[in-house]
Amino acid sequence: MKNFVDELRWRGMLHDIMPGTEELLNKEMVSGYIGFDPTADSLGVGNMVQIMTLVHFQRAGHKPYALVGGATGRVGDPSGKSQERNLLSPEEINYNLERQKAQLEKFLDFGNQPNSAEIVNNYDWFKDFYFLDFIRDTGKHISVNYMMAKDSVKNRLESGMSFTEFTYQLIQGYDFYHLHQAHQVKLQMGGSDQWGNITTGTELIRRKGAGEAFALTTPLIKKADGTKFGKSEKGNIWLDPEKTSPYEFYQFWLNAADADCQTYIKIFSLKDQNEIETLIAEHQQEPHLRKLQKALAEEITERVHGKNELENAIEASNILFGNATEEALRKLNEKTLLAVFAGVPQHEVNTQKLKEGIPIVEFLAEETAIFPSKGEARKMVQGNGISINKSKVGMDKVVTEEDLINRKYVLTQRGKRNYFLILFN
RNA sequence: GGGGAGAUACUCAAGCGGCCAACGAGGACAGACUGUAAAUCUGUUGGUAUUCACCUUCGCAGGUUCGAAUCCUGCUCUCCCCA
C-alpha cells in the first residue's frame, strides 16, 4: 500500500488533514469519498482536482466513492457563495448526474477489485426521509451554535441566507454518516472550502456514537495572475467535448502560464515524482520550449478525450499556430478540416457571387460580417492583418473560386489567432 | 429649503465661437519581436468614400450666429457645501 498522504504532499495537494488520518491510511484499505455538485451538465477542469484526488486515492490501494449530489444539489451549498443560489429542477439535476457519472468513469477504475470505485447518489437515501425523523435523529446532535460558527454561514449573516442553505451542512454531514454506516467509509475529502461541511460530518458520526471518521482537504488552485482556475476568456473549460471541444481543451493546458504549469503537472499528471521533477527542471532551463505545457496538455487531453482526439487537437494546433502553409491546408480532407475548425465562427455565402469574384473588403464586411463596417475591414487589410487560407492579402485581393478549399471553404484570419471559416453553397 | 459644480466617444479626461470626428491616458484590435508567453516598439480605434469630400456624434429640446462641444433659454440627471 502506497502512502497516499505523502503522495498528496509532494504533489502540493494537501491543505488540511485531521489528526490520525495518515495513520489509518497506512494501516488498512480505507473507503473514502468526495462529493460532486450536479449544478452543471458536465464536470469542468475545476472539478479535476477532486477527481485526481480520488484517482491517487485508488492508486494508493484505497477504495474511492464518488458521491453525486442528487439530494444536496436540491439544497445548494452556501460555501464560497455570496448569494443564495437558484434551485434546479429535479429533471435538470438527474440529467446532470448522468452526464457527470459518465465522465467520472473515464478516470476511476470501476472493475471488480476490492478497491474498485463506486458511485453513489445521496438522493437514494434522502428521498424517503421524513422531515420529523431527520430533525429528531440528526438535528438533535448538532447545535445551531456549532453550525453558525462555520465560515460558510458566518460570511452570509450580513447578506442573509435561507434556512434551506443553512441546513446544507447537515445534509452533507448526514451523507458522511450514511456512507460510514452503509459502506464503512471513514474518510471524506474535498476542496479546502469544504472543510466546514466535512467536519460537520465527522462531528455527527462521533456524536451519534458511530465511531471514527476522518477528513482531508486539497488546496484551491489559483492562477499566478490571481484569476480563477478553470476558465478561459470563453468561459468554463468542461470535460464534455460538446461543451468544450478537445481542441480548446488541449489549448487550455498548452496556454498555461509558466508559473502555473509547475503546480498543475503535479496535480493532474500521473507521472511519478522523478519524472515530474525532471520535466520541471528541464522547463526551467529552457522555458521557451514549453515542455511542461505540452506534457500536461497531452496527458490530460488523452485521458479525457482519447488518443484520437488528442492527435486531432495537436494537428489542429499545428495548422492554426504552426508554420502550416496553404498547401498543408489544402491537403486536409473535409472531415479533418471541419474537425480542426470546429468551434471557429462560420459564415455562409452564396457560391454564385464567386463567379464574379468578391473584392476583399466587400468579402470581409458585407458578405461575411467578419467586420461591421467596410472602413474597419479596409484598415485591417491595409495594416497587414488579414489572411486568406494562411496567406496575407492586400487591398487588391479578389476572392474567387480559386480560393476554395475542398470546393466549399475559404479560411479567413483576422490577425494571427482569429479564424473564420466561410462556407460557400 | 438655500448656494455651488458638472454631464464630451468603451472608460477616465482635455477642449470653452471657426484650424474639432474632437488633445492626452487607459482599454481594445492589429503589426514587429517572441514561446500560440510576458515585456517592449509601431499603427488603428464614428460611418460612407481609393482621393477630394460628405453624413452622424460632445446629457435632452429649442434659440443666437455666416459658423456652436464651445454663447443663450428651458428640461433631465449627477455631485458638493450650508440648513
Side-chain angles (χ1 to χ4, degrees), chain A residues 45 222-227 229 231-235 237 244-265 279-301 309-326 328-329 339-345 357-399 411-421:
Chain A
V45 296
K222 281 203 212 86
K223 292 202 281 186
D225 61 9
T227 54
F229 169 76
K231 289 196 172 183
S232 70
E233 310 89 65
K234 286 183 189 162
I237 302 295
T244 299
S245 72
Y247 163 72
E248 280 174 273
F249 187 83
Y250 175 80
Q251 284 286 318
F252 169 78
W253 297 103
L254 197 63
N255 282 324
D258 289 354
D260 289 326
C261 62
Q262 303 184 25
T263 317
Y264 296 170
I265 192 129
L279 270 174
I280 291 179
E282 284 175 16
H283 178 262
Q284 283 166 346
Q285 284 285 315
E286 309 173 290
H288 58 281
L289 294 180
R290 295 193 302 155
K291 282 191 183 169
L292 266 186
Q293 281 95 333
K294 282 180 188 157
L296 187 66
E298 283 173 18
E299 184 176 340
I300 302 176
T301 308
E309 292 297 343
L310 167 66
E311 276 164 14
N312 282 342
I314 293 176
E315 190 177 356
S317 301
N318 283 339
I319 287 169
L320 264 49
F321 297 104
N323 300 323
T325 53
E326 183 158 354
L329 190 64
V340 166
F341 294 104
V344 157
I358 309 171
I360 186 68
V361 170
E362 234 168 84
F363 176 76
L364 295 172
E366 284 176 5
E367 299 301 335
T368 61
I370 292 173
F371 287 94
S373 72
K374 283 189 183 179
E376 221 174 295
R378 186 174 304 118
K379 278 167 195 156
M380 192 59 80
V381 173
Q382 284 165 344
N384 206 20
I386 297 294
S387 303
I388 297 286
N389 297 335
K390 300 294 289 183
S391 310
K392 293 274 186 205
V393 296
M395 286 299 287
D396 52 346
K397 174 71 182 175
V398 176
V399 179
L411 181 69
T412 307
Q413 248 173 300
R414 192 189 84 220
K416 282 182 188 147
R417 312 183 59 156
N418 304 291
Y419 286 83
F420 302 87
L421 193 60

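Chain letters run A, B, ... following the sequence lines, proteins first and then strands; every chain starts at 1. Computation of the quantities below employed the complete heavy-atom set of this structure, encompassing side-chain atoms and omitting hydrogens, waters and symmetry-equivalent molecules.
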In this structure, how many angstroms lie between the [atom2] atom of [N] and the [atom1] atom of [X], rounded?
{"X": "A:Leu292", "N": "B:A37", "atom1": "CG", "atom2": "P", "value": "18 Å"}
{"X": "A:Glu376", "N": "B:A28", "atom1": "CD", "atom2": "C1'", "value": "11 Å"}
{"X": "A:Glu298", "N": "B:U36", "atom1": "CD", "atom2": "P", "value": "15 Å"}
{"X": "A:Arg290", "N": "B:A38", "atom1": "CZ", "atom2": "P", "value": "11 Å"}
{"X": "A:Asp260", "N": "B:A38", "atom1": "CG", "atom2": "P", "value": "13 Å"}
{"X": "A:Glu282", "N": "B:G35", "atom1": "CD", "atom2": "P", "value": "18 Å"}
{"X": "A:Phe371", "N": "B:U48", "atom1": "CZ", "atom2": "C1'", "value": "17 Å"}
{"X": "A:Phe321", "N": "B:U36", "atom1": "CZ", "atom2": "C1'", "value": "5 Å"}

Between [M] and [N] - [atom1] atom distance, rounded Å:
{"N": "B:G26", "M": "B:U40", "atom1": "P", "result": "10 Å"}
{"N": "B:C16", "M": "B:A22", "atom1": "C1'", "result": "13 Å"}
{"N": "B:A28", "M": "B:C10", "atom1": "C1'", "result": "8 Å"}
{"N": "B:U8", "M": "B:A69", "atom1": "P", "result": "16 Å"}
{"N": "B:U48", "M": "B:A68", "atom1": "C1'", "result": "25 Å"}
{"N": "B:G59", "M": "B:A9", "atom1": "C1'", "result": "14 Å"}
{"N": "B:C71", "M": "B:A14", "atom1": "P", "result": "15 Å"}
{"N": "B:U70", "M": "B:C23", "atom1": "C1'", "result": "15 Å"}

Handout entry: Listed partners of A:Phe371 passing ring pair (Phe, Tyr, Trp, His ring centres under 6.0 Å), at least two apart
Key =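 Applying ring pair (Phe, Tyr, Trp, His ring centres under 6.0 Å) to A:Phe371 gives none.
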Contact summary for [X] and [Y], nearest pair of heavy atoms:
{"X": "A:Gln262", "Y": "A:Ile280", "answer": "OE1-CG2, 3.8 Å"}
{"X": "A:Leu329", "Y": "A:Asn389", "answer": "CD2-CA, 3.8 Å"}
{"X": "A:Leu364", "Y": "A:Ala377", "answer": "CB-CB, 3.9 Å"}
{"X": "A:Leu296", "Y": "A:Cys261", "answer": "CD2-CB, 4.1 Å"}
{"X": "A:Ala295", "Y": "A:Ile265", "answer": "CB-CD1, 4.2 Å"}

Exercise for the section: Kindly say whether A:Ala256 contributes a backbone atom to a donor-acceptor pair with the side chain of A:Asp260 at under 3.5 angstrom? Expected result: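 Between the backbone of A:Ala256 and the side chain of A:Asp260 there is no qualifying donor-acceptor contact (under 3.5 Å).
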Practice task
Return yes if some donor-acceptor pair links the side-chain N/O of A:Tyr419 with the main-chain N/O of A:Phe341 below 3.5 Å, else return no.
Solution key: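 No; judged by distance alone, with no hydrogens or angles, the pair does not exist.
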Handout entry: Short side-chain donor-acceptor distance under 3.5 Å, A:Thr301 and A:Glu309
Key =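 No, no side-chain donor-acceptor pair sits under 3.5 Å.
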Exercise for the section: Say whether A:Asp258 and A:Gln293, considering side chains only, have a donor N or O and an acceptor N or O under 3.5 Å apart. Expected result: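 Side chains of A:Asp258 and A:Gln293: pair found under 3.5 Å.
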Show each protein N/O and nucleotides 29-31 of chain B N/O combination with a separation under 3.5 Å, one pair to a line.
residue, atom, partner, partner atom, Å
B:A30, OP1, A:Asn418, ND2, 2.6
B:G31, OP1, A:Lys392, NZ, 3.4

Practice task
Ignoring backbone atoms, test whether A:Ser373 places a side-chain nitrogen or oxygen under 4.0 Å from the OP1 or OP2 oxygen of B:G46.
Solution key: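 A:Ser373 to B:G46 OP1/OP2: no side-chain N or O under 4.0 Å.
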Enumerate all atom pairs, one protein N or O and one N or O from nucleotides 49-51 of chain B, separated by less than 3.5 Å.
residue, atom, partner, partner atom, Å
B:A49, OP1, A:Lys374, NZ, 3.0
B:A49, OP2, A:Arg378, NH2, 3.4

Practice task
Among residues two or more places apart or on two chains, list those pairs meeting salt bridge (charged side-chain N to carboxylate O under 4.0 Å, His left out) that have a residue in residues 288-299 of chain A.
Solution key: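 Those involving residues 288-299 of chain A are A:Lys271-A:Glu299, A:Glu282-A:Lys291, A:Glu299-A:Arg303.
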Exercise for the section: Any salt bridge (charged side-chain N to carboxylate O under 4.0 Å, His left out) involving residues 359-368 of chain A? Give me the pairs, sequence neighbours left out, ordered by first then second residue. Expected result: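 Every pair satisfying salt bridge (charged side-chain N to carboxylate O under 4.0 Å, His left out) with a residue in residues 359-368 of chain A: A:Lys353-A:Glu367, A:Glu366-A:Lys374.
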Exercise for the section: Hunt down any stem RNA chain B takes part in, defined as 3 or more consecutive Watson-Crick or G-U pairs whose two distances are each under 3.5 Å. Expected result: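 Counting only runs of 3 or more consecutive pairs, the stems involving RNA chain B are B:1-7 with B:76-82, B:10-12 with B:24-26, B:27-32 with B:40-45, B:46-48 with B:53-55, B:59-63 with B:71-75.
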